[in-house]
Amino acid sequence: MPGHSSAARARRVPKPRFLAALLVASTGLAAIAACQPKPLDPKAALIARGRDLFFNETFGGNGRTCGTCHRQEENLTLTPAFIATLPKDDPLFVAEFVPALAQNFENPRLMREFGLIKENLDGFDSLATRFTMRGIPHTLALGTSVQSPAGPRTGWSGDGAPADGSLRSFAVGAVIQHFTKTLDRVADVDFRLPTDEELDALEAFQLSLGRQADLQLPLPLKGVVAQRGQAIFMDNAVGKCNICHSNAGATTSLGGNNIGNTNFNTGVEDLPDQPARLTGELVPRDDGFRTPGDSTFNTPPLVEAADTGPFFHNNSVETIEGAVAFYSGPAFNRSPSGRFLASTDPKKVGIQLDATQTVQVAAFLRVINGLENIRQALADLEEVEGLGFFERARGRELLERANHETDDGIQVLAGGGLHPEAVTELVKARELTRRAAGSLFNRRGYTGDAKAAQARARARLIQEAP
Amino acid sequence: MITTTRRTRGMRGWLAGGTFIVTLLWGTSFAHGQKSTEQYIPIGKSPGLSGKYTSIGLLTAVDARTRAISVADSAGPKTLRITDTTRIWLDRSKLKKSNISGSFADLVKGRRVEVKYAAPDRRDVAEWVKVEVAQP
């Protein structure tokens, strides 16, 4: 009996252990399953595909991608300061190391000194003399800025896309202009054209970038300087900014009706001493929309302006204060748009802001840019919180973007001497976001703390809704 | 009184300006596609345009006097006018050569072409014509 009893016990003993092991294993599997990436919905999958194409696809060309000029870490544009950090063999510089592109493809000096890119908008028949030199526009808030009653307006002059002129077709023109291996520009030899599926994905990705809706001004701002800047911005008798940049966006509001994105001749081409021309390099006059051009350029959104300079289509003004000051100068006030504004003014004046007022409008633009940086950073941090444990790469990407936004927020506010308390909170948020990116087990904790710091920064800039 | 007059003048200015801009906008109610890079897109490959706002087919007639061409596309024959502003390009992509500008003389009966209408409601006028050059 004892023997039997012992044998029976021996048979029974493993059972609880086995059950415990089974429990641990199933709990572990459930935990792992919970940490796995969730399947993307079709729209998110299309955007993810578009992101991959935008930053990685060379379309069989010279090595450039859309992201070569529209850098994620540079607000989807490029500045000379950033260009100076790039290695010599970066595809941006193909004109410097690909013999077939050495002449008439880019002007390396103007690219490096002023961030200017060569565009043959009026045709490819006279490459040495017929071109424009333009800055790289960011691709943020496109969903709010491209549409007009006359159809989509893409690029600086509204005619950036071939075919149907849509944002979807934009990539086709960009590949032909910027990705080619030789100046022959032969499809399926020097590049391949994007497929319909790729164009859908690229469009979805671009439309997902940045703000998805316009602001509703006035905002309950806390700083008196930015408050005054907002008042001037919105006053159609003083700043008159809100007419063409309704709600600091890219659409025009006339008589209470929003008529979408609009092209204007504001006289930027008439500015004296344009930096690129000071070099002695050939910089032909840019005639804007259509061929031959009508000297108009389309209206960019202003919310994203302060951290995406230099300004205007030719990068002719370095600071946001300088860009605001342009509208009180003779180049603008003598332009068709300036004269139109003057014609609507009871005193027949265009825009005449003093230095204090100019800086106040710029301060307003800096603050709303800072608020947009915080909004985007918070959105990225929230997405990180929703990621599974194993979605490390996506998490790092989002945290990196959140920190770029935070850096920008710090720069736009500190650069204008605005809201030092908010800047302090943003510096904390940046450090916490860095910790989140480097943490294996406490990513969510640091992310939550970074969000809180961002929220405190925002509360310094604007009165929160009760 | 002075204020009222100024306001009235201001209102007139706004109205005139607004009318000017709206007229300008609606006068170009067809999305504007950039022409320079269009030249390098092979026949039938223009996104959003090819087959929708273009005719693709063989040239069945060319009238130099009236500057009209007829295209046999899949929906039937179409006749379009070539104007002074119509762009004509030679699509040499099948020869692996660069596409170049052409002229009315390149519109030869029997050649395959793609013709873009000037506007959705102006399908009798060509904005551009791509002429396929398949042999050296």
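Throughout, a chain's letter reflects where its sequence line sits, starting with A, and its residues are numbered from 1.
- The salt bridge (Lys or Arg N to Asp or Glu O under 4.0 Å) search around B:K78 returns B:D73, not counting sequence neighbours.
- Counting heavy-atom neighbours within 6.0 Å of A:Q103 CD, excluding the residue itself, gives a total of 12 or less.
- Taking the charged nitrogens against the carboxylate oxygens, B:R122 and B:E127 have no contact shorter than 4.0 Å, which rules out a salt bridge.
- Looking at heavy atoms from C-beta onward, B:W128 lies in side-chain contact with B:W89 at the 4.5 angstrom threshold.
- Applying the salt bridge (charged side-chain N to carboxylate O under 4.0 Å, His left out) definition to pairs two or more places apart or across chains, those involving residues 80-94 of chain B are B:K94-B:E132.
- Checked against a 6.0 Å centroid threshold, the rings of B:Y53 and B:Y117 do not count as neighbours.
- With a 4.5 Å cut-off on non-hydrogen atoms, A:D125 touches chain B through its side chain but not through its backbone.
- Inspection of non-hydrogen atoms places A:R168, A:S169, A:V172, A:G173 of residues 167-175 of chain A under 4.5 Å from chain B.
- Contact detail for B:L107 and B:V62: the closest heavy-atom pair is O-CG2, 3.3 Å.
- Residue-environment remark: CZ (A:R285) exceeds the threshold of 12 foreign heavy atoms within 6.0 Å.
- Contact annotation for residues 96-104 of chain B against chain A (heavy-atom separation below 4.5 Å, listed by residue number): B:K96, B:K97, B:S98, B:S101.
- Counting only heavy atoms from C-beta outward, the side chains of B:L59 and B:V108 never approach each other to under 4.5 Å.
- In terms of heavy atoms, B:T79 sits closest to B:S70 at OG1-OG, 3.2 Å.
- For the residue pair A:N120 / A:Q177, a side-chain donor-acceptor distance below 3.5 Å is found, with atom types taken as modelled.
- Among the candidates A:L121, A:V189, A:T291, the residue making the largest number of heavy-atom pairs closer than 4.5 Å to chain B is A:L121.
- Of the listed residues (A:G160, A:S157, A:A342), the greatest number of heavy-atom pairs within a distance under 4.5 Å of chain B belongs to A:G160.
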